[in-house]
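Everything below concerns the one structure shown next.
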Amino acid sequence: MMENKKLAAATAAVFTYIKTQEEAAFYAAGPAPEEEAVAAPAAGPQVQFNAWGAAGRNDQMQGRFLMQARAFK
């Protein structure tokens, strides 16, 4: 039972990661040629969002917070 839940969670995480990367690539490619004449020029460089990198940084910040909370207790 627990193995199935772990497998489902891992599979969902992989599919979510792939979907976010595909969406980021789509938006980074810019507007379609027919929309290019209508769209305003982009301000600044395009940055690709890395969902797993953000989750890792969030985990590091949470770990530091827990260490600090324990240190000042």
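For the numbers below, each heavy atom of this structure counts, side chains included, while hydrogens, waters and symmetry mates do not. Here, residue 1 is the first one in the sequence, and each next residue gets the next number.
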Kindly compute the distance separating CE (M61) from CZ (R57), expressed to the nearest 0.5 Å.
8.0 Å
Using a 3.5 Å cut-off and no angle test, enumerate the donor-acceptor pairs between side-chain atoms of residues 13-20 and protein atoms at least two apart in sequence or in another chain.
residue: T16; atom: OG1; partner: A12; partner atom: O; Å: 2.8
residue: T20; atom: OG1; partner: T16; partner atom: O; Å: 3.2
residue: T20; atom: OG1; partner: Y17; partner atom: O; Å: 2.8

What are the two closest non-hydrogen atoms of Q21 and A51, and how far apart are they?
NE2-N, 4.2 Å
